[in-house]
Amino acid sequence: MASAYSLAWDVSLRDRNTFHLDARAHCVATVRDATALPSLLADPALRNLPLMVLGAGSNVLFATDRFEGCLIHLQCDSARIVDDDGEHALVHVDAGFEWDALVDWTLDHGLQGLENLALIPGQAGAAPIQNIGAYGVEVGKFIAAVHVYDRQVAAVDRLTAARCGFGYRDSVFKREPDRRIVTAIELRLPRGGATNLAYAGLNEELAAMGGLAPTPRNVAAAVRRIRQRKLPDPAIAGNAGSFFKNPVITRAVAVELQSRFEGMPVFPASTAAERKLSAAWLIEQAGWRGFREGDAAVSAQHALVLVNLGQATGPQLLALARRVAASVQEKFGVALEPEPRIVSATF
């Protein structure tokens, strides 16, 4: 089974993370077949090394110049329909399948549901970890199961959606980050029905595109246009997308804040007793949008995005994130939590 994976040593991570941080890893293991994971984890060369899965590196901040462990990268990237009753199809997707390409793959196969999640960077295996969401949709709604290798019991497992513990940008995989390696996901997707236009900007974008009908493919195109306009391109300014979660607070606190801060946007949350705030609005009102210190900056394009304008380091970006969060806490009494996984440091 050794041929199903390979090891490389002292590897640059600059092209393996979307912040383009010039960190290095002691070791990178490239896995071409998920069934090789037990052999890889038993490899004597990795004994006593910290292990971490790294996909496209689009939701990670290396807060160190060197990761003294082994990063596991799964290259398995096939997708297939395993069941289809004419109304819904069950799709099995390997962890290494690029997410935005998967959105197009589902559309090409007459399936819908993922169109609101177009242009989110990363790979399919990362989607359930973060329970990725955008424009009124979370992937957890469509996940039937997640296939993993459970390091705690040294066995493969298939977690149904109920076992995944999905929440807002949260899951059991995120709460126990080193226990399971996601090897594949199963998506149950409809073949028809109305598209989700809950996000007001989608209707406006479709209108700006010539009044296009809200078909799944048109909605995906609208989402891509919005994201490209609002968010900085990681190829130009290294970033991991939204750096902070939108805070969820009690309804009573939200009412009190709105009475003190005119124009504060407040949105529904998962329960009637909670409300969601816009982290971008809080950061902008605290005066951080466009702030730059060296090459570490808060994007002038979108206050929720931290960017590396060239030679910023992970520690510099982390220090900036902490300052932003402290400022918002002081001004509004609201705590901000980071979305990306922070490696070798705590927030």
Side-chain angles (χ1 to χ4, degrees), residues 1-7 27-44 46-60 69-84 88-99 102 105-106 113-114 117 122-133 138-189 341 343:
M1 188 58 70
S3 62
Y5 71 86
S6 59
L7 301 176
C27 174
V28 171
T30 301
V31 179
R32 291 171 287 277
D33 185 337
T35 62
L37 284 171
S39 297
L40 169 69
L41 298 176
D43 193 313
L46 304 186
R47 185 175 295 121
N48 299 324
L49 285 182
L51 302 176
M52 186 184 113
V53 177
L54 181 70
S58 59
N59 198 50
V60 62
C70 183
L71 297 173
I72 301 172
H73 178 71
L74 276 72
Q75 282 191 341
C76 330
D77 61 356
S78 68
R80 65 187 188 277
I81 295 175
V82 295
D83 189 37
D84 192 340
H88 293 81
L90 187 65
V91 181
H92 183 281
V93 188
D94 286 340
F97 205 112
E98 196 266 326
W99 181 260
L102 176 62
W105 186 96
T106 61
L114 304 186
L117 305 179
Q123 297 178 333
I129 297 172
Q130 185 79 354
N131 188 19
I132 59 172
E138 290 183 339
V139 73
K141 175 182 178 181
F142 299 104
I143 286 183
V146 178
H147 295 254
V148 303
Y149 182 80
D150 190 329
R151 294 176 57 195
Q152 188 174 97
V153 297
V156 297
D157 195 4
R158 178 182 179 273
L159 280 73
T160 59
R163 294 177 60 200
C164 293
F166 290 128
Y168 171 60
R169 301 297 180 273
D170 195 24
S171 70
V172 67
F173 313 108
K174 189 170 184 179
R175 293 191 290 273
E176 299 177 296
D178 298 316
R179 176 174 174 177
R180 302 174 182 89
I181 299 174
V182 176
T183 59
I185 62 174
E186 293 177 25
L187 298 164
R188 182 171 171 79
L189 300 172
R341 179 171 181 178
V343 180

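Along the sequence shown, the residues carry numbers beginning at 1.
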How many angstroms lie between [atom1] in [X] and [atom2] in [Y], if you round to the nearest 0.5 Å?
X	Y	atom1	atom2	value
Leu114	Trp105	CG	CH2	10.5 Å
Asn131	Cys164	CG	SG	9.0 Å
Arg341	Met52	CZ	CE	5.0 Å
Leu49	Leu41	CG	CG	11.5 Å
Ile132	Ser171	CD1	OG	11.5 Å
Leu90	Arg80	CG	CZ	10.0 Å

Notebook entry, point to check: Is the backbone N or O of Gly96 less than 3.5 Å from a side-chain atom of Asp94, with the two atoms forming a donor-acceptor pair by type?
Noted result: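 Between the backbone of Gly96 and the side chain of Asp94 there is no qualifying donor-acceptor contact (under 3.5 Å).
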Notebook entry, point to check: Quick one: does His73's side chain have a donor or acceptor within less than 3.5 Å of a partner on Leu54's backbone?
Noted result: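 Present.
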Got [X] and [Y] here, is their nearest side-chain heavy-atom distance under 4.5 Å?
X	Y	result
Gln123	Leu74	no
Arg175	Asp170	yes
Leu51	Arg151	yes
Leu187	Leu102	yes
Val156	Thr35	no
Arg180	Leu159	yes
Leu46	Cys27	yes

Nearest heavy-atom pair of [X] and [Y]: which atoms, and what distance?
X	Y	value
Ile143	Ala161	O-CB, 3.2 Å
Trp99	Leu117	NE1-O, 3.1 Å
Phe97	Ala79	CE1-CB, 3.5 Å
Ile129	Lys174	O-CB, 3.5 Å
Pro38	Tyr149	CG-CE1, 3.6 Å
Ala56	Gly122	CB-CA, 3.8 Å

Margin query: Pair Ser78, His92 - check side-chain contact (heavy atoms from CB on, under 4.5 Å), show working.
Written below: CA-CA 8 Å; Ser78 68; His92 183 281; 5.7 Å; no
Check: Who pairs with Lys141 by side chain to side chain donor-acceptor pair (under 3.5 Å), at least two apart in sequence or on another chain?
Finding: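 Not a single residue meets the side chain to side chain donor-acceptor pair (under 3.5 Å) criterion with Lys141.
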Next item on the list: Using salt bridge (charged side-chain N to carboxylate O under 4.0 Å, His left out) as the criterion, list what pairs up with Arg179, not counting sequence neighbours.
Entry: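 Arg179 satisfies salt bridge (charged side-chain N to carboxylate O under 4.0 Å, His left out) with Asp150, Glu176 once adjacent residues are dropped.
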Item checked: Set of salt bridge (charged side-chain N to carboxylate O under 4.0 Å, His left out) partners for Asp157, sequence neighbours left out ->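 Once residues adjacent in sequence are excluded, the partners of Asp157 under the salt bridge (charged side-chain N to carboxylate O under 4.0 Å, His left out) criterion are Arg163.
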Check: When the ring planes of Phe173 and Phe166 are compared, do they come out parallel, tilted or perpendicular, using 30° and 60° as the limits?
Finding: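 It falls in the tilted class, 30° to 60°.
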